[in-house]
Amino acid sequence: MTDRRKKSWGTFKNEMKAKRSKPGDGGAKKNEKGNILERQELVVQRLSSEEISTEGIKAPCEKHFSPSLEHKGLSCDVLAGDQGPSCHSKKHIPDLKVILVRFIKSSSTPDSRPIANDYESSSSRQQYFSEPVTPPQRNRQDPNKAQSTGSPNVKHVIPKSLSISHMMKLGKLAKPNESVSVQDVYSFDLENIAWSLLPQKVEFGITKDIKITIKEHPRKVVQMHALAKNIAEQLGKKVQELNVSKEFGETLKYRGIHLAKLDSDCLTLEEFNEGKFEKYINNTGEVCMPNDHVIGQKAQCLPHFSYEISNSQLLVVDLQGSGHMLYDPEIATTQTFDSDNEFLFCAGNLNILAISAFVKAHACNRFCRLLGLKQLEQECKT
């Protein structure tokens, strides 16, 4: 490199260094048209071949001027031209050789308009891009604090309290409303000019009769599973109400279950449970785990709890699963048939035989005592 080129390059680097480090005077300047521009700008020259993005431009600028920015409450904003507008994407920058940025107040209200993308029309992109846009405000929350506060969108589900008659009605098949027709309904998105791909199922009241040919047993399985799930949730609620969550630990749970049709057959669907399968209590009422098995003790506590809250009318049995997540329960009832001579719950209902076998095998453990459950032998005799 000749001395002349070395001198030019050295001069250029010094000028760029001085321009980057020179603080804004905050005073008014005039452009070629004589308009007053009150701003503080930094001209950034691209000196490498690295991929450029708006965030990649803002981050080093804010890092370089971090003490001053934090003191004044400023953040970096990339501009498309000498007077804006703001850029939200690299494709908005007209010339990547010279990139204009400014520093604005971090408390500026973010523009809620959508950022233009490849799926919008050219007219909408021009409209969004031609107007000044304020960059989104950076989230400077303490991450530890954010985790402790919790999300406001999280819903805390409280299990429904069921009456004994309500519990027993779930043992019978709930007949579908024959005056209702289910139709597939599609929605139209006016903004995107598109139809929904998946329909919504909507029920409409009708006057004509509908013949229901779906087999009854899978539906009763779903109803029985819903009751067992509710009882497990009520037990978890009582643990919290008694403030013994620490002593009791994790409670047993059931996932949801769904009814499905495969060709002309009906079947039930449950979410797959990871882990080793274990049988805690059989549908005969037999206890399958030793008395010192912790989850086995909780599994004995759940039928005991179900028997007490149902006033000795039913018992959740056939407890099995992986860890604390259970599936495929059965319910045994003291009465096999109801007043209409309908068999209660499902084919695995071994009635008083299963209940008596569990009462004989069960020995109240620390989890039963934490919930304040009565001795099961006394309950059975009453």
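Hydrogens, waters and symmetry mates are skipped; everything else that's a heavy atom, side chains included, is used.
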Item to check | Side-chain donor or acceptor of Lys253 paired with backbone N/O of Thr251 under 3.5 Å | outcome: yes
Next on the checklist: Are more than 12 heavy atoms, taken from residues, nucleotides or ligands other than Glu247, located less than 6.0 Å from that residue's CD atom?
Outcome noted: yes
Item to check | Test item: Ser356 side-chain N/O and Leu353 main-chain N/O as donor-acceptor pair under 3.5 Å | outcome: no
Checklist entry - So Phe343 and Phe337, would you call those rings parallel, tilted or perpendicular, with 30° and 60° as cut-offs? => result perpendicular
Checklist entry - Does the side chain of Leu170 reach to within under 4.5 Å of the side chain of Met224, using non-hydrogen atoms? => result no
Donor-acceptor pairs are to be reported for all side-chain atoms of residues 296-303 against protein atoms at under 3.5 Å, with residues two or more places apart or in another chain.
| from | atom 1 | to | atom 2 | distance (Å) |
| --- | --- | --- | --- | --- |
| Gln297 | NE2 | Asn291 | O | 2.6 |
| Lys298 | NZ | Phe248 | O | 3.2 |
| Lys298 | NZ | Glu250 | O | 2.6 |
| Lys298 | NZ | His324 | NE2 | 3.2 |
| Gln300 | OE1 | His362 | ND1 | 2.7 |

Item to check | Distance in Å, Cys288 SG paired with His293 NE2, rounded so as to fall on 0.5 Å steps | outcome: 11.5 Å
Next on the checklist: Looking at His304 and Gln375, would you say the former's side chain and the latter's main chain have a donor-acceptor pair under 3.5 Å?
Outcome noted: no
Checklist entry - Step by step, would you call Leu227 with Phe345 a side-chain contact (heavy atoms from CB on, under 4.5 Å)? => result CA-CA 10 Å; Leu227 175 57; Phe345 295 102; 3.7 Å; yes
Next on the checklist: Checking Ile104 against Leu74 for the side-chain contact (heavy atoms from CB on, under 4.5 Å) test, could you report, in this order, the C-alpha distance in whole Å, the side-chain angles of both residues, the deciding distance, and whether it holds?
Outcome noted: CA-CA 5 Å; Ile104 59 175; Leu74 301 176; 5.6 Å; no
Checklist entry - If you take all heavy atoms of Val287 and Ala361, which pair is closest and at what distance? => result CG2-CB, 3.9 Å
Checklist entry - Would you call Val294 and Arg366 a side-chain contact if the rule is heavy atoms closer than 4.5 Å? => result yes
Next on the checklist: Once salt bridge (charged side-chain N to carboxylate O under 4.0 Å, His left out) is applied, what residue pairs with a partner in residues 267-296 remain, sequence neighbours excluded?
Outcome noted: Arg255-Glu271, Lys279-Asp318
Checklist entry - Taking side chain as C-beta onward, heavy atoms only, is Ile331 less than 4.5 Å from Leu315? => result no
Checklist outcome for this item: Contacts satisfying salt bridge (charged side-chain N to carboxylate O under 4.0 Å, His left out) that involve residues 330-340 (not counting sequence neighbours) are Lys172-Asp338, Lys172-Asp340
Next on the checklist: Grouping I, L, V, M, F, W and Y whenever their side-chain heavy atoms are under 4.5 Å apart, do Met325 and Tyr280 come out in a common cluster?
Outcome noted: no
Item to check | Closest contact, heavy atoms only, Leu269 versus Ala260 | outcome: CD1-CB, 3.7 Å
Checklist entry - Do you know the tightest heavy-atom contact between Lys220 and Leu173? => result CG-CD1, 3.7 Å
Next on the checklist: Could you report the tightest heavy-atom contact between Gly256 and His225, atom names first, then the distance?
Outcome noted: C-NE2, 4.2 Å
Item to check | side-chain hydrogen bond (donor to acceptor under 3.5 Å, both in side chains) against Asn351, all qualifying residues, sequence neighbours excluded | outcome: Thr336
Item to check | Pairwise distance CD(Gln223) to SG(Cys346) - rounded to 0.5 angstrom | outcome: 8.5 Å
Checklist entry - With distance as the sole test, does Arg369 use its side chain to make a donor-acceptor pair with the main-chain N or O of Cys364 at under 3.5 Å? => result yes
Item to check | Heavy-atom side-chain contact between Ile93 and Ile57 under 4.5 Å | outcome: yes
Checklist entry - Atom OG1 in Thr333, atom CD1 in Ile355: separation rounded to 0.5 Å? => result 6.5 Å
Item to check | Side chain proximity check, Val101 to Asp77, heavy atoms < 4.5 angstrom | outcome: no
Checklist entry - Hey, what else clusters with Phe277 if you join Ile, Leu, Val, Met, Phe, Trp, Tyr whenever side-chain heavy atoms sit under 4.5 Å? => result Tyr327
Identify each donor-acceptor pair in which a side-chain atom of residues 228-239 lies under 3.5 Å from a protein atom, sequence neighbours left out, and give them as a table.
| from | atom 1 | to | atom 2 | distance (Å) |
| --- | --- | --- | --- | --- |
| Lys229 | NZ | Glu233 | OE2 | 2.7 |
| Asn230 | OD1 | Gln234 | NE2 | 2.6 |
| Asn230 | ND2 | Lys160 | O | 2.9 |
| Lys238 | NZ | Leu371 | O | 3.3 |

Next on the checklist: Counting C-beta onward and ignoring hydrogens, is there a side-chain heavy-atom pair between Gln313 and Met167 closer than 4.5 Å?
Outcome noted: no
Checklist entry - Taking atom OG1 of Thr334 and atom CD1 of Ile352, what is their separation to the nearest 0.5 Å? => result 6.0 Å
Checklist entry - Where is the tightest heavy-atom contact between Ile164 and Ile309, given as atom of each residue plus distance? => result CG1-O, 4.0 Å
Item to check | Donor-acceptor contact below 3.5 Å, side chain Ser306 vs main chain Val316 | outcome: yes
Checklist entry - Do side-chain atoms of Gln320 reach the backbone of Ile281 as a donor and acceptor pair under 3.5 angstrom? => result no
Next on the checklist: Could you measure the distance from the NE2 atom of His166 to the OG atom of Ser310? Nearest 0.5 Å is fine.
Outcome noted: 14.0 Å
Checklist entry - Is it the case that one hydrophobic cluster holds both Leu350 and Val221, taking links as side-chain heavy atoms less than 4.5 Å apart, direct or via other members? => result no
Next on the checklist: Just so I know, are the side chains of Phe103 and Ser75 near enough to count as touching, which here means a heavy-atom distance under 4.5 Å?
Outcome noted: no
Checklist entry - So do Thr268 and His258 actually touch side chain to side chain, heavy atoms under 4.5 Å? => result no
Item to check | Interatomic spacing from CZ in Arg219 to CG in Leu259 - rounded to 0.5 Å | outcome: 5.5 Å
